[in-house]
Amino acid sequence: MTWVAVLVSAAAGYLLRLAGLCLPARWVSGERSRRVAELLPVALLAALVVIQTVVGGDGRLVVDARLAGVAAAVLAVAARAPFLLVVFLAASTTALVRALS
Amino acid sequence: MSPALRRRVLRDSLTVGATTGAYGVSFGALSAVSGLSVAQTCALSLLLFSGGSQFALVGILGSGGSPAAAVTTSTLLAARNGLYAVRLAPLLRLTGWRRLLGAHIVLDESTAMALAQPRPDAARFAFRVTGVAVFLLWNLMTLLGALGADALGDPRQYGLDAAGPAAFIGLVAPRLRGRDPWLVAGAAAVLAAGVAPFVPAGVPVLVAAGVALAVGLRR
């Protein structure tokens, strides 16, 4: 099933790009489609942050060492740290909290 | 295009390509610890080749979400590449096999670099160099990350379960300019957490996408 998900999402992603190069611009140039296109990634990414930080396998809220790592990531982003450093700080903070508790 | 402009575009595009491609290592590692094989991980970087979509797909599969929810979220995130392509089409004017290949390197970075240029020929050059540089490095670093994570053992010991959300924070931060993005991010986060106990894994993220539609489509 994982291979199916990999290949279907790859095909869908490619077709969206190709369609964009082929479509007449006036079909999708409205102010609203531009706004939705800008806001859609924001909504999806914000939801993913919360789900992967404070939601457990059963869907219930849990607070564990992940939250400390994500807090470190927020501080790092606010300090304009580069992407890899943000990810590294989050992982090492979580590992540290987990080792200490 | 003057030689000076060409040199500047080349330098800027390669810099962007290198810095963006480098974080393929975090995708490779995260994908491997989410339970995907090295081959599946590399296939995603080669064929899907869109950071946000790739992180989302492996994150949802790794947390027990259905393949359908994972594919839907990944595809919604990839939809912005289609809109970038619409903006780029009159600038790039690609035809035939060049269009088929060019479509694959329509990304956040190649679009931003192309649209930042003062002339169409410089824009086409920046698009090509940035897209190809990101592609090569992203795929190389994905492979290294996946092989490295496979060799590590229990990922939780290294805090790698916090790497996914940290990556999403890094991806969303540059988009949080102005009131609407903050409003959407806050509402999407609260809604996703609120519905999570009642729906299957992967679905809360799709429910949250509705917030973007509601805010984006209002007058």
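Note that the coordinates shown come from a computational prediction; the quantities given were computed from them, not determined experimentally. Labels below follow one simple rule: chain letters A, B, ... track the order of the sequence lines, proteins then strands, and each chain is numbered from 1.
- With a 4.5 Å cut-off on non-hydrogen atoms, B/Val58 does not touch chain A at all.
- With a 4.5 Å cut-off on non-hydrogen atoms, B/Gln40 touches chain A through its backbone and its side chain both.
- Only the side chain of B/Leu57 comes within contact range of chain A, with heavy atoms under 4.5 Å apart.
- For B/Ala214, no part sits under 4.5 Å from any heavy atom of chain A, backbone or side chain.
- Taking both residues in full, the closest heavy atoms of A/Val86 and B/Ala166 are given as CG1-O, 3.9 Å, listed atom of the first, atom of the second, then distance.
- Here B/Val205 is the residue among B/Val205, B/Leu213, B/Leu47 with the most heavy-atom pairs under 4.5 Å with chain A.
- Contacts between B/Ile60 and chain A at a heavy-atom distance below 4.5 Å involve backbone atoms as well as side-chain atoms.
- Residues B/Leu36 and A/Thr2 are in side-chain contact: their nearest non-hydrogen atoms beyond the backbone lie under 4.5 Å apart.
- Only the side chain of A/Leu7 has a heavy atom closer than 4.5 Å to any heavy atom of chain B.
- Of the listed residues A/Ala90, A/Ala65, A/Ala81, the one with more heavy-atom pairs under 4.5 angstrom with chain B than any other is A/Ala90.
- Contact tally against chain A (heavy-atom pairs below 4.5 Å) for B/Ala85, B/Ala89, B/Ala78, B/Ser50: the top residue is B/Ala85.
- Taking both residues in full, the closest heavy atoms of A/Met1 and B/Pro67 are given as CE-CG, 4.0 Å, listed atom of the first, atom of the second, then distance.
- In plain terms, the two heavy atoms of A/Ala43 and B/Ala188 that are nearest each other are O-CB, 3.5 Å.
- Of the inter-residue distances, the one linking B/Thr20 atom OG1 with A/Phe83 atom CZ reads 10.0 Å to the nearest 0.5 angstrom.
- The number of heavy-atom neighbours closer than 6.0 Å to CH2 of B/Trp182, taken from other residues, nucleotides and ligands shown, is 12 or below.
- The two residues A/Leu48 and B/Ala56 come nearest to each other via the heavy atoms CD1-CB, 3.7 Å.
- The structure places CD1 of B/Ile169 at 6.0 Å from OG1 of A/Thr53, a figure rounded to the nearest 0.5 Å.
- For A/Leu18, the parts sitting under 4.5 Å from any heavy atom of chain B are the backbone and the side chain alike.
- Contact count versus chain A (heavy atoms, under 4.5 Å) is highest, among B/Phe55, B/Phe168, B/Tyr84, for B/Phe168.
- Side-chain contact between B/Leu44 and A/Ser9: present, with at least one pair of heavy atoms (C-beta onward) separated by less than 4.5 Å.
- Per-residue counts of heavy-atom pairs under 4.5 Å with chain A were compared for B/Leu176, B/Leu100, B/Asp180; the largest is that of B/Leu100.
- Taking CG from B/Asn81 and CG from A/Leu21, the interatomic distance works out to 10.5 Å, rounded to the nearest 0.5 Å.
- For chain B, the option among A/Arg98, A/Arg66, A/Arg60 with the highest count of heavy-atom pairs below 4.5 Å is A/Arg98.
- Considering only heavy atoms from C-beta on, A/Leu39 stays 4.5 Å or farther from B/Val211 through its side chain.
- At a 4.5 Å heavy-atom cutoff, the contact between B/Thr73 and chain A is made by backbone and side-chain atoms alike.
- Under the 3.5 Å distance criterion, the side-chain polar atoms of B/Arg99 are left unmatched by any main-chain donor or acceptor of A/Cys22.
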* Please walk me through it: do B/Asp161 and A/Thr94 pass side-chain contact (heavy atoms from CB on, under 4.5 Å)? -> CA-CA 8 Å; B/Asp161 47 343; A/Thr94 295; 4.0 Å; yes
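- Side-chain contact between A/Glu38 and B/Arg175 is absent, with no heavy-atom pair separated by less than 4.5 Å.
- The minimum heavy-atom distance between A/Ile51 and B/Ala196, with the atom names listed, is CD1-CB, 4.1 Å.
- For A/Val87, the parts lying near chain B are the backbone and the side chain together; criterion is any non-hydrogen pair under 4.5 Å.
- Using a 4.5 Å cut-off between heavy atoms, A/Leu40 touches chain B through backbone and side chain atoms alike.
- For chain A, the nearby part of B/Arg80 is the side chain; its heavy atoms alone come within less than 4.5 Å.
- Note on B/Ala167, B/Ala163, B/Gly64: by heavy-atom pairs under 4.5 Å with chain A, the leading option is B/Ala167.
- In this structure, A/Tyr14 contributes its side chain and B/Phe49 its backbone to no donor-acceptor pair below 3.5 Å.
- In this structure, the separation between CG on B/Leu88 and CZ on A/Arg17 is 11.5 Å, given to the nearest 0.5 Å.
- Atom-to-atom distance recorded for A/Leu84:CG and B/Tyr23:OH is 9.0 Å, nearest 0.5 angstrom.
- With a 4.5 angstrom heavy-atom cutoff, B/Leu61 touches chain A only via side-chain atoms.
- For B/Ala185, the parts lying under 4.5 angstrom from a heavy atom of chain A are both the backbone and the side chain.
- For a residue to count as touching a neighbouring chain, one of its non-hydrogen atoms must lie under 4.5 Å from one of that chain's; by this rule B/Leu46 does not touch chain A.
- The two residues A/Arg35 and B/Arg218 come nearest to each other via the heavy atoms NH2-O, 2.6 Å.
- With a 4.5 Å cut-off on non-hydrogen atoms, A/Val70 touches chain B through its backbone and its side chain both.
- A/Leu44 contributes atom CG, which lies 4.5 Å from atom CG of B/Leu77 (distance to the nearest 0.5 angstrom).
- At least one side-chain heavy atom of A/Val36 sits under 4.5 Å from a side-chain heavy atom of B/Leu217.
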